[in-house]
Amino acid sequence: MASGIYVAMGGARMQEHRLETLTNNLANAGTAGFKRHGTTFRQVHEDTARMGDPNQAMGLHHPVRFLPEDRLPGQLDERFTNWSEGPLKQTGNSLDVAIQGEGFLVVQSPTGPVYTRNGTLQMQADGGLVTQQGFAVLDPDGLPILLPPDAGRLTISPDGDMMVGEQAAGRLAVVRFDDLQQLERLGNDNYRPYDPATQVAQPIETPRLHQGYLEGSNVNPIETMALLIKTSRAFELNTRALQAYKSMDDAAVQKVGRSG
């Protein structure tokens with residue numbers, strides 16, 4: 001088999017991973033609080049001509065093998081989250097809240113506390129404050145927030161204190177983490193630490209909240225669309241090269257068969 005087929009195959013696989021990431025980012029360009037994904041790739045191994053070099057095997061997944069899959073020049077290393085802030089968008093809805101700067105709201109999912117920057121909140125008939133998924137929004141003590149229904153207009157101060165009319169109605173918990181890359185993306189703009197023992201939610205005493213606003217996605221639709229087109233073309237070129245190498249191999253097999 002032509003050795004170039006591995007290069008084309010590896011290139012197509014990497015572009016496929018990038019396409020998946022860009023497509024997901026573009027689909028969430030209008031999602032409040034969404035943080036775009038990025039991808040990094042790395043070389044699988046160095047030049048195999050250095051077989052006698054004891055350092056040649058450094059970083060190999062399979063240091064003693066050179067099978068076809070080992071010949072692929074690169075592979076997906078990781079997908080990471082870009083935590084840059086999105087723009088603040090005014091909605092005028094008193095139940096919408098945006099976090100400026102670092103921080104997450106704390107909500108109660110069926111599997112435990114999770115964290116989000118999507119401040120699209122709703123109030124249930126009993127006064128419970130919940131997210132769009134119906135998860136209860138928690139206060140600093142880890143308790144669900146209950147607003148007194150029909151007591152007046154809700155006011156949320158920049159530090160998270162809530163008033164309904166003239167009545168105090170609790171406080172939004174806003175927390176931070178030391179290493180944001182150690183947060184697992186759960187979908188619906190929710191996150192949780194991969195290892196809660198090492199990544200502990202730390203309360204922010206003076207958060208900067210904006211009532212009547214939502215943080216927009218940090219995805220740039222125009223830039224993402226341009227990258228999507230570029231990546232699609234690169235994927236197509238790699239698949240064409242793959243087909244060309246396959247045709248060369250088929251032709252070679254036929255010639256060898258006839259010569260025999």
Check your understanding: What residues form a side-chain contact (heavy atoms from CB on, under 4.5 Å) with D159, not counting sequence neighbours?
Key -> S157, D161, R171, P207
Exercise for review: Could you pull out all residues at least two apart from T206 that satisfy side-chain contact (heavy atoms from CB on, under 4.5 Å)?
Suggested key: none
When rounded to the nearest 0.5 angstrom, what is the spacing between [atom1] in [X] and [atom2] in [Y]?
{"X": "N118", "Y": "L214", "atom1": "CG", "atom2": "CG", "value": "6.5 Å"}
{"X": "L183", "Y": "D195", "atom1": "CG", "atom2": "CG", "value": "11.5 Å"}
{"X": "D139", "Y": "L172", "atom1": "CG", "atom2": "CG", "value": "9.0 Å"}
{"X": "Q202", "Y": "F177", "atom1": "CD", "atom2": "CZ", "value": "8.5 Å"}
{"X": "K230", "Y": "L22", "atom1": "NZ", "atom2": "CG", "value": "11.0 Å"}
{"X": "R153", "Y": "E166", "atom1": "CZ", "atom2": "CD", "value": "13.0 Å"}

Side-chain donor/acceptor of [X] to backbone N/O of [Y], under 3.5 Å:
{"X": "S109", "Y": "G112", "value": "yes"}
{"X": "R36", "Y": "N218", "value": "yes"}
{"X": "R117", "Y": "G103", "value": "yes"}
{"X": "Q211", "Y": "P158", "value": "no"}
{"X": "D96", "Y": "G92", "value": "no"}

Point to revise | Taking every non-hydrogen atom, the tightest pair across L147 and A169 | key: CD2-CB, 3.8 Å
Practice item. Determine the minimum heavy-atom distance between L209 and I99, stating which atoms define it. Key: CD2-CG1, 3.6 Å
Practice item. State, without any angle test, whether T91 and N93 hold a side-chain donor-acceptor pair at a distance under 3.5 Å. Key: no
Check your understanding: Hey, are the side chains of D189 and Y115 touching, using non-hydrogen atoms and a 4.5 Å cut-off?
Key -> no
Review point. If you count the non-hydrogen atoms of other residues, nucleotides and ligands that lie under 6.0 Å from CZ in R233, is the total more than 12?
Key: no
**Study point:** Candidate list E184, K35, Q181, R185, test side chain to side chain donor-acceptor pair (under 3.5 Å), partner T81, passing option
**Key:** R185
**Study point:** Identified side chain to side chain donor-acceptor pair (under 3.5 Å) partner of H210 from the options Q100, E215, Q90
**Key:** Q100
Review point. Taking the six-membered ring where the residue is Trp, are the ring centres of Y191 and W83 under 6.0 Å apart?
Key: yes
Point to revise | NZ or CZ of R208 within 45° of Y213 ring axis and under 6.0 Å | key: no
Under 3.5 Å, which donor-acceptor pairs link side chains of residues 124-136 to any protein atom two or more places apart or in another chain?
unit_1: D126; atom_1: OD1; unit_2: G128; atom_2: N; d: 3.0
unit_1: T131; atom_1: OG1; unit_2: Q133; atom_2: N; d: 3.3
unit_1: T131; atom_1: OG1; unit_2: F135; atom_2: N; d: 3.2

